[in-house]
Every structure is written in C-alpha cells, then in structure tokens.
2 protein chains.
Amino acid sequence: MTSLTELNQYSSEHNHNQCVSLALGTAQQLCNQRGVLLTTIRHQVLTLIWESHKAVKAYELLDRLRPLQATAKPATIYRALDFLIEQGLIHRVESLNAFVGCRCSDQQHEQLLLICKLCEQVDERPAAEVMSALLEESKQAGFMIHSKAIEIHGICSDCSTK
Amino acid sequence: MTSLTELNQYSSEHNHNQCVSLALGTAQQLCNQRGVLLTTIRHQVLTLIWESHKAVKAYELLDRLRPLQATAKPATIYRALDFLIEQGLIHRVESLNAFVGCRCSDQQHEQLLLICKLCEQVDERPAAEVMSALLEESKQAGFMIHSKAIEIHGICSDCSTK
DNA sequence: TAGGTAATTGTTATATTATTACATCAGAAA
DNA sequence: TTTCTGATGTAATAATATAACAATTACCTA
C-alpha cells in the first residue's frame, strides 16, 4: 500500500485524488482508534483543506464551507481546525496564519515545513538530522521542548526548474 | 567589550541595563553605517521592546508608546516594527504574533528561538548544527531558502530549576 | 426505552491583529 | 525656492480569532 509520505505533491503529475483519499482514510482510521468523532463538519473542513497542498486561511475555508453548511460561522471553522490540529491531521502554519493537511498524521507529526513563495505549496519533511540537532541544542540550553514550529520560506524545486 | 550575545537573559541576576544600552548602541551604529534613520519613534519602540526579554504584542507596544507619542496609532507601531525587522534589530515571533529584541543584529540574524511558556522569555541561539542540517535538508529537497522561522516552545532552564 | 451526561454545534457579539489610502510635514538636493 | 524623498498623521476598515451561552445530538446505562 502506498503511504501518504511516499507521494510528492510538488510533481505536477501526482495523483491528487490519491492524496485526498489516503488522507481522509487515515484520518477516519485514527479517529476510530482514538474514540473521537470525525463529524460531518470536521470531515468537510478536512476535505476542503486537502483540495490542494497550499496552506488555506480560516476565512477562506469558511467561505468554501458555507455552501455545504449554511449556518457556518467563524467559530464553526475554528472549532473544526482546533480538533484537526489536536488530532495531528493538519498543521497550523504559524508564519502564514494558515492551515495545511498533514501527510504524516500516523507518524511523527512535528515536521519541517518547506513553504514555496511561488506555488504556495507546503512540503513536510521529517528532517531527522535537523530534529536531532535541535534536541541536542535544547539539551545544551537546558530547555525542555513542548512543541516546535520550523517553517522555511523559499522556492521549491518544481518552481525553480520551471 | 561585552557583546550582546555573551549575556544570558535567563539568569535572574543579569544586568538588564547593560542589555538595553548594548542593544540601542548597536542599533544606532548599524543605522548610521547603513544610512537609515533611527528616528525618535523607532528608537522609542525599540526601547519599549527591550524593556524585557519577553515577546511583546503590537497593541501593547502601542499602549506603552502613547504616553510618549500622543498621536500614535496602529500604523505608527507597525511602521516602526517593519523598519526594525527590516534592519534585523528585532525578531517577529510568528507563533505568538509578537516581537522581541534581537541580540545578534550585528551578526547572523536568523536564529533559533527558544520561547519559555512560564516566564515568556525568548532566547536566541545561532544553533550552527541545526542551521547546517537545515541547509543540507533543503539542498536534498532542491529548495532555495529565503527565510526561516524556527520557534521552539517549552520550559527554559531557569524556570525548570526553580 | 427513558433519562442523564458529555460532546458538538448554533448564535451573537466582540476582541485582537494588521493594512490601506491619502494627507501632511521635515529635511536634503537641485 | 522648488522639488523630491522619507517619515509621520489620520481615518477607516480588513483580516484573524475568541468568548459566552443556548440548543442539539450522541451515547451510556438503569
């Protein structure tokens, strides 16, 4: 079986339907395992986020959710986003105030994010070397890590070779 | 001469006046060298930011600036912040929507930020190993770096030993 | 199946963060 | 003096996010 992390969304010919169905399938499975509910709204928001590999703004999601949920309000979106983040199904991109689907929700969730300024796509990388250097650095500083946001902005390989 | 980076703000007995005068001195010097103006407002905002090693919110700065600049408005603060960031004199902490003085403005500006959840102080570290691992990772991904935000949240050594 | 409870969603209002556009002013250069 | 540039004043508004409370739904168990 293909795993989420084996797909590279930057390649223009990637099968995005496969991305989406893998992501939603994994999400459902994880929620089942954890005894939490992937309700209709949460499922819809996750699906909207997965429409592309770009980070999406909350109010853009709201606009896109409204046709499906006539009563949707900001709180509707933010609650769904909170849930999806808690469950590790999406990333909050701090430097963009935006949200992107996580392709590694079943594994190590904290990843390095490579954010392309041109195509706006966000790539996740486990970046083991970076993470271990980070651990070492924190250890030296006597700092106990709770969470990390590692966000790199630049030009992705696909855009720079075009 | 003591350099900014030799001081550790986490040690409760550090001489903060020294931090401030070093920071403001370096800032003035850099602005002179670059032929840009550290105007009264910009100097005041930088001074307010340096009142502590905590990240400060824009509207909190505004409140604290108003006694000094009766006409100050949001744009006043955001313009000063934009300038200070451009000149590398402060960091924007993306994950807090807040701002903190930079102790390495005369050197490599992009640093790892260690943000304590208890005392709220922000420590900067050049973290050479992390940065080189990051470069290597980007290279492998064919990604051209423009800028980085590396923000680690947790408990600082000072707080965890208290 | 009825009743209790916790989780989810609906709804309104508002807080917080940030930008845009245009007017004015101050200082350096022609 | 005129002109240009950068900085600031000012008003309005856009964009992002949360709080508080009511209503509904899902689920457990007696």
Side-chain angles (χ1 to χ4, degrees), chain A residues 27-28 30-46 48-49 54-87 89-100 120 149 151, chain B residues 27-28 30-32 34-49 54-87 89-100 120 149 151:
Chain A
Q28 189 59 71
L30 288 173
C31 288
N32 290 346
Q33 279 169 26
R34 295 169 183 170
V36 296
L37 287 179
L38 192 61
T39 61
T40 305
I41 290 179
R42 291 165 178 173
H43 188 273
Q44 286 170 333
V45 171
L46 186 57
L48 290 173
I49 288 175
K54 298 182 187 181
V56 201
K57 302 270 181 178
Y59 277 74
E60 192 188 323
L61 284 172
L62 179 54
D63 289 342
R64 283 156 54 185
L65 180 63
R66 263 198 256 258
L68 311 173
Q69 291 288 339
T71 63
K73 303 269 183 321
T76 316
I77 285 292
Y78 282 103
R79 283 169 182 154
L81 291 171
D82 286 348
F83 171 86
L84 296 170
I85 288 169
E86 261 170 34
Q87 299 302 322
L89 302 175
I90 63 174
H91 294 285
R92 182 185 158 86
V93 185
E94 300 289 352
S95 49
L96 295 176
N97 295 329
F99 307 85
V100 72
E120 294 173 37
E151 304 178 0
Chain B
Q28 188 60 71
L30 288 174
C31 288
N32 290 345
R34 294 169 184 170
V36 296
L37 289 178
L38 192 60
T39 61
T40 305
I41 291 179
R42 291 165 179 174
H43 188 274
Q44 287 170 334
V45 171
L46 186 57
T47 305
L48 289 172
I49 289 175
K54 297 181 187 180
V56 201
K57 301 270 182 177
Y59 277 74
E60 192 189 323
L61 284 172
L62 180 53
D63 289 341
R64 283 156 54 186
L65 180 62
R66 263 198 256 259
L68 310 173
Q69 292 286 340
T71 64
K73 302 272 183 319
T76 316
I77 285 292
Y78 282 104
R79 282 170 184 155
L81 291 171
D82 286 347
F83 172 86
L84 296 170
I85 289 168
E86 261 170 35
Q87 298 302 323
L89 302 174
I90 63 174
H91 294 285
R92 182 185 158 85
V93 185
E94 301 290 353
S95 49
L96 296 177
N97 296 328
F99 306 86
V100 72
E120 294 174 37
E151 305 179 0

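Chain A is the first sequence line, chain B the second, and so forth, proteins listed ahead of strands; every chain is numbered from 1. This one's a predicted model, so the numbers in the text were calculated from it and none came from an experiment.
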ask   = Hey, does the side chain of A:R79 come within less than 4.0 Å of D:dA17's phosphate (OP1/OP2), counting only N and O?
value = no

task = Can you tell me the distance, in whole Å, between the CD atom of B:E60 and the C1' atom of C:dA15?
result = 15 Å

request  = Please indicate yes or no: is the ring centre of B:Y59 less than 5.5 Å from the centre of the six-membered base ring of C:dT17, with the two planes inclined by under 30 degrees?
outcome  = yes

message = Can you identify which nucleotide, out of D:dT18, D:dA11, D:dG9, has its nearest atom closest to the B:Q69 side chain?
response = D:dG9

ask   = What is the distance, rounded to the nearest whole Å, between atom NZ of A:K57 and atom C1' of C:dA18?
value = 11 Å

query = Looking at C:dT9, D:dG9, C:dT20, which one has an atom nearest to any side-chain atom of B:I41?
reply = D:dG9

task = Send over the distance from B:I77 CD1 to D:dA7 P, rounded to a whole Å.
result = 16 Å

Candidate pair A:F83 and A:L37, rule side chain to side chain contact (heavy atoms under 4.5 Å, CB included), full reasoning = CA-CA 10 Å; A:F83 171 86; A:L37 287 179; 5.9 Å; no

Gap between atoms CZ and P, on B:R66 and D:dT10 respectively (whole Å) = 12 Å

note = A:L37 has its side chain closest, among C:dA18, D:dA17, D:dC27, to D:dC27

task = Under 4.0 Å between any heavy atoms, over every strand shown, what does B:A72 touch: base, sugar-phosphate, or nothing? Just pick one.
result = nothing

note = With the side chain defined as heavy atoms from C-beta on, B:K73 is closest, among C:dT19, D:dA11, C:dT12, to D:dA11

query = What's the CG-C1' distance between A:D82 and C:dT8, to the nearest Å?
reply = 13 Å

query = Looking at C:dG10, D:dA11, C:dT8, which one has an atom nearest to any side-chain atom of A:T71?
reply = C:dG10

inquiry  = For a quick test of reading the model: is some side-chain N or O of A:N97 closer than 4.0 Å to OP1 or OP2 of D:dA15?
reply    = no

task = Could you tell me the separation between the CG atom of B:L61 and the P atom of C:dA18, rounded to a whole number of Å?
result = 11 Å

ask   = Do the side chain of B:R64 and the main chain of B:L48 share a donor and acceptor less than 3.5 angstrom apart?
value = yes

ask   = What is the minimum heavy-atom distance between B:I77 and B:A58, and which atoms define it?
value = CG2-O, 3.7 Å

request  = Write down the distance between CG (A:L81) and P (D:dA17), rounded to a whole number of angstrom.
outcome  = 9 Å

ask   = Quick one: which of D:dA17, C:dT8, C:dT19 gets closest to the side chain of A:R92?
value = D:dA17

task = Provide the closest heavy-atom pair for A:L89 versus A:L46 in the form atom of the first, atom of the second, distance.
result = O-CD1, 4.2 Å

For B:A55 against B:V93, the heavy-atom pair lying closest together = CB-CG2, 4.1 Å

message = Tell me the interatomic distance from B:R42, atom CZ, to D:dT8, atom C1', rounded to whole angstroms.
response = 10 Å

message = By nearest heavy atom, map A:T76 and B:F99 onto DNA chain C; which one lands nearer the 5' end?
response = A:T76

inquiry  = Under 4.0 Å from OP1 or OP2 of D:dT18: is there any side-chain N or O of A:Y78 that close?
reply    = no

